[in-house]
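Remember, it's a predicted structure, so these values are computed and weren't measured experimentally. For ligands, and for the atoms within them, numbers begin at 1 and follow the listed sequence.
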Amino acid sequence: MIRLHDTMARKKRDFEPADPSRITMYVCGPTVYGRAHIGNMRPPVVFDTLARLIRHHYGEDSLVYARNVTDIDDKIIAKVADEGVEPSLITERYEQFYLDDTGALGVAPPSIAPHATEEVPAMIAMIEELIGKGNAYEAEGHVLFSVPSDPDYGALSRRQRDEMIAGARVEVAPYKRDPADFVLWKPSDPDVIGFDSPWGRGRPGWHIECSAMIRAHLGETIDIHGGGLDLIFPHHENEIAQSRCSHGGAPLARYWVHNGFVDMGSQKMSKSLGNIVTPEALFAAGHKGETIRMALLSAHYRQPLPWTETLLEQAKATLDGLYRKIGDAAPGEVDASVLDALGDDLNTPLALSRLGQIEDAATLKASAALLGLLEGSADDWFRGGRDDDAAAIDTKIAERAAAKKARDFATADRIRDELAADGILLEDGPEGTTWRRG
Ligand SMILES: [Zn+2]
């Protein structure tokens, strides 16, 4: 049994997929114009963990998970102008960085990764439908969604109209009939990326991208729609309005799942606040992706996660301990108490504490895999997380081998004892000397 907190219902609900043999999940993906920070890594890790849980319950092939790539956007256009290169050079570069960073954190690629630039005809079709139904209108080369045409607008965020207008940071534009109306299509200048459309050369707004891709790849109503808390308004509210209005009232998603922010001190980690930590910087400092994943899963996904150096150190120490326990065990059966914790709205802190109590290596390995942990080589972890430690130990082992070769057994024994005092145990074998942390 899986229970999920549904933002629309404001409570936890039993998860009952419409079709258990084809469960559909969509998560808003990256806009590819810069390196991701740790806050950006939380949604892919959280929803990767949920995907693992769903596949465990319903079968390996039960889930279709789509995560889009936004490769048309004003920030991308600005970056292209800065660097004076083709847009695809920017977007392909940062998409690859994103895949590398998330991959290092044990995030499996989604089943489908639709790209906005490849889905423009589907977006144009949906915009035409909305115009036809009286939910959108053309004005000065733009197409706008008419918020007053949708009486149910605002159900997800439960905002009042005044708040919505203030919150949407509404541009005062003469072509808008209502200040809350939002852009579905806008004109492109001749020197920036654009596509032919019934409204002239232009490009889609961000919100229509998700609605059109969801319908094209997953269907009108999906089981789970996910993303960060900051997307509830206006992005998800707008996705809902577009999809529901073009589908004659059919809801966009049956469960809305939102993750909280990663905080730095009292502030949300954000590029605009300039307080970001990137996976790139943490890798350079010798941290492993798995340590970052463990740290991200240490708090419940709906709660804020304060990011500190201590958090990383604790995650690493916990992983060291768990890897020592599993050795090279093959996975066995998943522990029921870990499964229960994850099934209760993905309670990863509880699941992690239960992992720590499992003594049987095979059970531990299988249970940790549900969280995307302990899938690496135990050998890497016995060798410590930091390459500089490992290099220093290898140097001492080489010195000891040289001493033995020179029949200087006193020196060889002294090196072995010094390492043992640091908790490093040596094992001599036919292939040479290996070491592990005792
Ligand atoms: Zn979206």
Main-chain N/O of Gly29 paired with Asn68 side-chain donor or acceptor, under 3.5 Å: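 Yes, Asn68 side chain to Gly29 backbone: donor-acceptor pair under 3.5 Å.
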Test item: Arg67 side-chain N/O and Pro110 main-chain N/O as donor-acceptor pair under 3.5 Å: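 A pair under 3.5 Å: no.
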Glu239: its N/O/S atom lying closest to the Zn ion (ligand 1) (atom name):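 Result: OE2.
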Modelled atom types, side-chain donor and acceptor of Gln242 and Asn238, under 3.5 Å: no
Between the Zn ion (ligand 1) and [X], is there an N, O or S atom separated by less than 2.8 Å?
X      : result
Glu209 : no
His207 : no
His236 : no

Partners meeting side-chain contact (heavy atoms from CB on, under 4.5 Å) with Lys75 (sequence neighbours left out):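 With sequence neighbours excluded, Lys75 shows a side-chain contact (heavy atoms from CB on, under 4.5 Å) to Tyr33, Asp73, given in chain and number order.
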Angular separation of SG (Cys28) and NE2 (His235) seen from the Zn ion (ligand 1), to 10°: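 Output for this angle: 110°, rounded to tens.
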Test of ring centre spacing under 6.0 Å for Phe15 and Tyr255: yes
